[in-house]
Protein chains: 2
Amino acid sequence: MATLKQIADLTKVSVSTVSKVLNGKGKVSEKKRREILKVAKELGYTPDFHARTMAKRTQITTVGLIVPDIINPFFARLTRGVEKACGEDSLVILMDSFRDLHREEMLIRNARFFGVGGIIIGNSRVSDDLVLEVSSYIPVVVFDKDYDHENVVSIVLDNFYGAYSATKHLIENGCSNIVHLGGTYELYVSLQRLEGYRAAMKEFNLKAIAYPVGYDEDKGYQKMKEILSSGQRVDGVFCMNDLVAVGALKAVREFSLRVPEDIAIVGFDDDEQLCEVVSPSLSSVHQPVEEMGEVSAKLLFELIKGNKKIKRYIFSPQLVVRQSSSKRKE
Amino acid sequence: MATLKQIADLTKVSVSTVSKVLNGKGKVSEKKRREILKVAKELGYTPDFHARTMAKRTQITTVGLIVPDIINPFFARLTRGVEKACGEDSLVILMDSFRDLHREEMLIRNARFFGVGGIIIGNSRVSDDLVLEVSSYIPVVVFDKDYDHENVVSIVLDNFYGAYSATKHLIENGCSNIVHLGGTYELYVSLQRLEGYRAAMKEFNLKAIAYPVGYDEDKGYQKMKEILSSGQRVDGVFCMNDLVAVGALKAVREFSLRVPEDIAIVGFDDDEQLCEVVSPSLSSVHQPVEEMGEVSAKLLFELIKGNKKIKRYIFSPQLVVRQSSSKRKE
DNA sequence: CTGAAAGCGCTAACAC
DNA sequence: GTGTTAGCGCTTTCAG
C-alpha cells in the first residue's frame with residue numbers, strides 16, 4: 001500500500017504538502033500539485049482508513065448488525081431498513097449467526113473490538129446478561145424486550161394487538177370455532193400473540209383453543225392435519241406466522257375443504273413473497289419490519305451521540321386482508 | 001471512550017504496562033495487574049480498533065459486499081455464503097444499492113475509503129470502466145462477466161448449460177411444443193439462457209419459440225395468458241426465472257389446464273422458498289448461490305494476499321425436478 | 001518487573 | 001507556498 005510518505009519522497013516534498021494536495025486544502029504550487037497527483041495515481045494511492053479516522057476527529061460510525069439468518073426475509077428486510085438509515089457516513093457490518101446461538105453470543109461479545117459504534121441485535125433470544133454486559137461498552141438496540149439500562153433501547157412490536165385484531169377479523173367474518181396454531185411458549189413473542197388471540201375470543205364469548213405448534217410449514221401442516229382428522233369443528237385458524245399458516249392451508253386443501261368458505265386462515269409477519277404466491281393468497285398481520293430497521297438504526301445513532309432519553313419504541317402491526325379470510329360474511 | 005493512558009494515570013503506571021496486562025503479555029506484578037484490570041472494567045475500556053490495527057501488523061480484513069437488493073433471496077444467499085467464508089478474522093461490510101445503479105456506482109467508488117481489503121460486486125450490470133478503475137486500488141470480485149485485469153476475478157455460472165438441461169428435461173418428459181419465457185435480451189445472462197434453450201430444441205429438431213418477457217411474476221402471467229389465449233399449442237414452458245414461472249403457472253391454472261399433465265413448467269434459480277410453496281411445486285434450475293458467495297470471498301482473500309493466478313471460476317447449475325415437470329412420460 | 005521511546009499513516013496547527 | 005511538529009491510541013522493542 002502506497003503511503004503519503006512514499007509519494008512525498010518520490011516528489012521531493014513533505015508529507016503535509018502531499019496531504020494538502022490530495023485533500024484539496026491549502027495552497028500548493030501548480031507544478032508540485034500536478035507532480036504529486038501524477039505519482040499518487042501511478043502508485044494507486046488510497047488513504048489508510050484507520051490512520052485517517054485516528055487523525056481526524058470525525059469518524060465514520062459503523063453499526064454492527066447481528067442477525068440469526070439473513071436468508072429469512074424478515075431479517076433481510078430489517079437489514080434493508082438499517083441500511084437505509086445509514087446515509088453516507090455510516091457503514092453496516094453484517095454478522096450472521098447462522099441460527100447458532102453460541103456463535104451469536106460470540107459475535108455480540110466481539111463486536112466491540114471491531115470498532116463499531118454500536119450494535120443492533122435482530123433477535124429476541126439473547127440472554128439479558130449478555131445485553132447488559134455488552135451495553136457497558138457500546139450502545140445496543142434490541143428487539144421485543146424491555147431493558148432498563150441507559151445504553152440500551154428496545155424496539156417492540158405490539159404483538160398482542162396484532163393477534164387480537166387478526167382474531168377479531170376472523171370473528172367478524174363469521175368464524176366462531178377459531179383455533180390458534182401458536183409458537184412455542186418459551187418465546188415472549190409467542191405468548192403475546194397467544195394472549196391477543198385469547199382476548200379477542202373472550203370478548204366475543206368464544207372458546208379459545210390454542211396449540212403450541214412451532215415456526216415452520218411442516219409444523220403447521222402436521223398439526224392442522226391432526227386437528228381435521230380428529231373431527232374437531234373448525235372454521236377459522238389464526239397462526240403464529242406465515243409459514244405455519246401455509247402449512248395449515250396445505251392440510252385444509254388435502255381435506256378438500258375450501259378456504260376461506262369452510263375455513264378461513266390468517267398468518268402473521270406478512271411475508272409478501274409468501275402470502276401472495278400461495279392460493280388462495282394469505283391474509284396476514286403485517287409487521288413494518290423495514291421501518292423498524294430504520295428506526296433502530298436511528299435510535300442507535302442517538303444513543304451513540306449520547307442521547308439517553310429514549311428507552312423504547314413501539315410499533316403497531318396491521319392486518320392485511322387477502323383471499324384466505326375475506327368475503328366470508330354469511 | 002476510555003484510553004490506555006487514562007487507565008495508566010489512574011493506576012500510576014505506564015501505558016505500556018497497562019497494555020501488557022490487558023493483552024496478557026509480559027510479566028506484571030499481581031498487585032498492579034489486579035488494580036489495572038479493575039480500573040479498566042470500571043471505565044468500560046474497549047481498545048480502539050483503528051489504533052490497534054494501525055499499531056499491529058495483523059489486520060482484520062474487511063470485505064465490502066455490494067448487492068442491489070438484500071431482500072432478494074438470491075443476494076441474501078450470496079451474502080450468507082460470503083459470511084461463511086469470513087471466519088473469525090474478516091468482516092463483511094454490506095452495502096445495498098436499493099437497485100439504484102447510480103447509488104451502486106457511488107458505493108463501489110467509495111468502498112476503498114472505508115478500509116475494506118477488497119470488494120465483491122454481486123451484480124452483473126456494473127460498467128467495465130468502473131470495475132477497472134476501482135480494481136487499480138483494491139481487489140475486486142465480479143459476477144457473470146470476464147475481465148482481464150490482474151486485480152479482478154470473476155465468478156460465472158454456466159447459464160447455457162442450465163437452460164440446455166432444463167429444456168432437454170422437458171423434451172425427455174414428452175414435451176415437444178416448448179416455449180421459452182426469457183428475460184430481456186440486453187442482459188448477458190438472458191442471452192445465455194436463450195441460447196441453451198435453443199441448442200436443446202435444435203438437437204431434437206424442435207422449433208424454438210422464445211419471447212423476451214422480463215423478470216417478475218406478472219410478466220410471466222401476462223405473457224402466458226396471451227399465449228394460451230392465442231390458441232398456440234404449448235405443452236412445456238421453460239422460464240427465465242422462478243418468478244416468471246410462477247406467473248405462468250397461475251395463467252395455466254386459470255385456463256383450467258393441468259400441470260404437468262397438459263403443460264409442464266420449469267423455472268430458473270431454484271428459490272426454494274418459492275418453488276416448494278406453490279402447487280404443484282416448481283421444477284427449477286438450481287444455482288449454487290451460497291457456494292458462489294463462499295468461493296467469491298475466498299478468491300477475494302487470495303487476491304488480497306497477492307495471488308494473481310486465478311482469473312475466473314465457473315459454476316455449473318443443476319436441475320431440480322419437482323412436480324411441475326415430472327411423471328409426464330407418455 | 002517496569003517504563004521510555006519509536007512508530008503505524010495521517011491531519012492540522014503553526015512556523016518559516 | 002512549504003515544511004516542521006505534535007499528536008490520534010495502541011503495540012512493541014529495548015533499556016533499566
Side-chain angles (χ1 to χ4, degrees), chain A residues 1-40 43-62 89 110 112-117 137-138, chain B residues 1-37 39-41 43-62 89 110 112-117 137-138:
Chain A
M1 279 287 85
T3 67
L4 282 194
K5 180 147 196 338
Q6 288 176 30
I7 301 177
D9 291 350
L10 251 38
T11 54
K12 315 272 188 216
V13 296
S14 77
V15 180
S16 72
T17 301
V18 180
S19 173
K20 279 180 191 116
V21 171
L22 264 26
N23 290 295
K25 298 190 175 176
K27 313 265 107 194
V28 179
S29 74
E30 197 49 33
K31 184 180 163 175
K32 299 204 170 188
R33 129 176 265 97
R34 273 197 160 54
E35 176 69 0
I36 289 170
L37 252 19
K38 178 163 158 282
V39 174
L43 263 46
Y45 171 81
T46 285
D48 183 290
F49 174 63
H50 304 294
R52 179 172 268 184
T53 59
M54 279 209 66
K56 285 179 116 128
R57 310 192 120 300
T58 161
Q59 282 206 202
I60 283 204
T61 72
T62 71
D89 50 348
N110 285 349
R112 69 187 179 106
F113 299 119
F114 298 149
V116 300
Y137 300 112
I138 47 177
Chain B
M1 278 285 85
T3 68
L4 282 193
K5 182 149 196 336
Q6 287 175 31
I7 300 177
D9 291 348
L10 250 36
T11 55
K12 314 274 188 214
V13 296
S14 76
V15 178
S16 72
T17 301
V18 179
S19 174
K20 277 180 194 117
V21 171
L22 265 24
N23 290 297
K25 298 190 174 174
K27 311 267 107 194
V28 179
S29 74
E30 197 50 33
K31 185 181 160 167
K32 298 203 172 189
R33 131 177 263 97
R34 273 193 162 52
E35 176 69 2
I36 289 170
L37 252 20
V39 174
K41 170 156 281 184
L43 263 47
Y45 171 80
T46 286
D48 183 288
F49 175 64
H50 304 294
R52 180 172 265 184
T53 59
M54 277 208 68
K56 287 179 114 126
R57 310 190 119 300
T58 161
Q59 281 206 201
I60 283 204
T61 71
T62 71
D89 49 347
N110 285 348
R112 69 187 180 104
F113 299 119
F114 298 149
V116 300
Y137 300 112
I138 48 177

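Lettering of chains follows the sequences in order, A, B, ..., and the numbering in each one begins at 1. Being a predicted model, the structure only gives us computed values, none of them experimental. Any value given below was found using the heavy atoms of this structure, including those in side chains, with hydrogens, waters and symmetry copies removed.
Of the two residues near DNA chain C, B:Val28 and B:Ala51, the one whose nearest nucleotide lies more 5' is B:Val28.
One atom, CE of B:Met54, and another, C1' of C:dT11, lie 12 Å apart when rounded to the nearest Å. As a whole-Å value, the separation of B:Leu4 CG from D:dT12 P is 12 Å. Between B:Lys5 atom NZ and D:dG7 atom P there is a gap of 11 Å when expressed in whole angstrom units. Rounded to an integer number of Å, the gap from B:Arg33 CZ to C:dC1 P is 11 Å. Atom C1' of nucleotide D:dG9 and atom CZ of A:Phe113 are separated by 15 Å, given to the nearest angstrom. One interatomic measurement links the two molecules: CG of B:Asp48 to C1' of D:dG9, which rounds to 6 Å at whole-angstrom precision. Taking atom CE of residue B:Met1 and atom C1' of nucleotide D:dC8, one finds them 15 Å apart after rounding to whole Å. Atom-to-atom, NZ of A:Lys27 to P of C:dA15 comes out at 21 Å; the value is rounded to the nearest Å.
Scored by the side-chain hydrogen bond (donor to acceptor under 3.5 Å, both in side chains) test, A:Thr62 finds no partners at all (sequence neighbours excluded). For the ring pair (Phe, Tyr, Trp, His ring centres under 6.0 Å) test, no residue two or more places apart in sequence or in another chain qualifies with A:Tyr137. Residues passing the ring pair (Phe, Tyr, Trp, His ring centres under 6.0 Å) test with A:Tyr45, sequence neighbours excluded: none. Residues meeting the side-chain hydrogen bond (donor to acceptor under 3.5 Å, both in side chains) test with B:Thr61, sequence neighbours left out: none. Applying the side-chain hydrogen bond (donor to acceptor under 3.5 Å, both in side chains) rule to B:Lys56 yields no partners; only residues at least two apart in sequence or on another chain are considered.
Minimum heavy-atom separation, A:Leu43 to A:Ala2: CB-CB, 3.8 Å.
Using a 4.0 Å heavy-atom distance criterion, B:Lys56 is classed as a sugar-phosphate-only contact. Among the heavy atoms of the strands lying under 4.0 Å from A:Tyr45 are primed sugar atoms or P, OP1, OP2 only; no base atom is included. B:Ser19 comes within 4.0 angstrom of a nucleotide base, judged by non-hydrogen atoms across all strands.
At the phosphate of D:dT11, OP1 or OP2 sits under 4.0 Å from a side-chain N or O atom of B:Arg52.
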Report, one pair per line, the protein and nucleotides 3-6 of chain D atoms (nitrogen or oxygen only) whose separation is under 3.5 Å.
residue: D:dG3; atom: OP2; partner: A:Ser14; partner atom: N; Å: 3.0
residue: D:dG3; atom: OP2; partner: A:Ser14; partner atom: OG; Å: 3.4
residue: D:dG3; atom: OP2; partner: A:Thr17; partner atom: OG1; Å: 2.8
residue: D:dG3; atom: N7; partner: A:Ser16; partner atom: OG; Å: 3.0
residue: D:dG3; atom: O6; partner: A:Lys20; partner atom: NZ; Å: 2.9
residue: D:dT4; atom: O4; partner: A:Ser16; partner atom: OG; Å: 3.1

Got a list of side-chain donor-acceptor pairs under 3.5 Å for residues 24-38 of chain A, not counting sequence neighbours?
residue: A:Ser29; atom: OG; partner: A:Lys32; partner atom: N; Å: 3.4
residue: A:Glu30; atom: OE2; partner: A:Arg34; partner atom: NH1; Å: 2.7

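Screening residues 6-19 of chain A for salt bridge (charged side-chain N to carboxylate O under 4.0 Å, His left out), with sequence neighbours left out, gives A:Lys5-A:Asp9.
In the helix from C:dC1-D:dG16 to C:dC16-D:dG1, the terminal helix axes, each the rotation mapping four pairs' C1' atoms onto the next four within five end pairs, subtend 50°, rounded to 10°.
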| Do B:Thr46 and A:Ile138 pass the side-chain contact (heavy atoms from CB on, under 4.5 Å) test, and can you show the C-alpha distance, the side-chain angles, and the key distance before you say yes or no? | CA-CA 9 Å; B:Thr46 286; A:Ile138 47 177; 5.6 Å; no
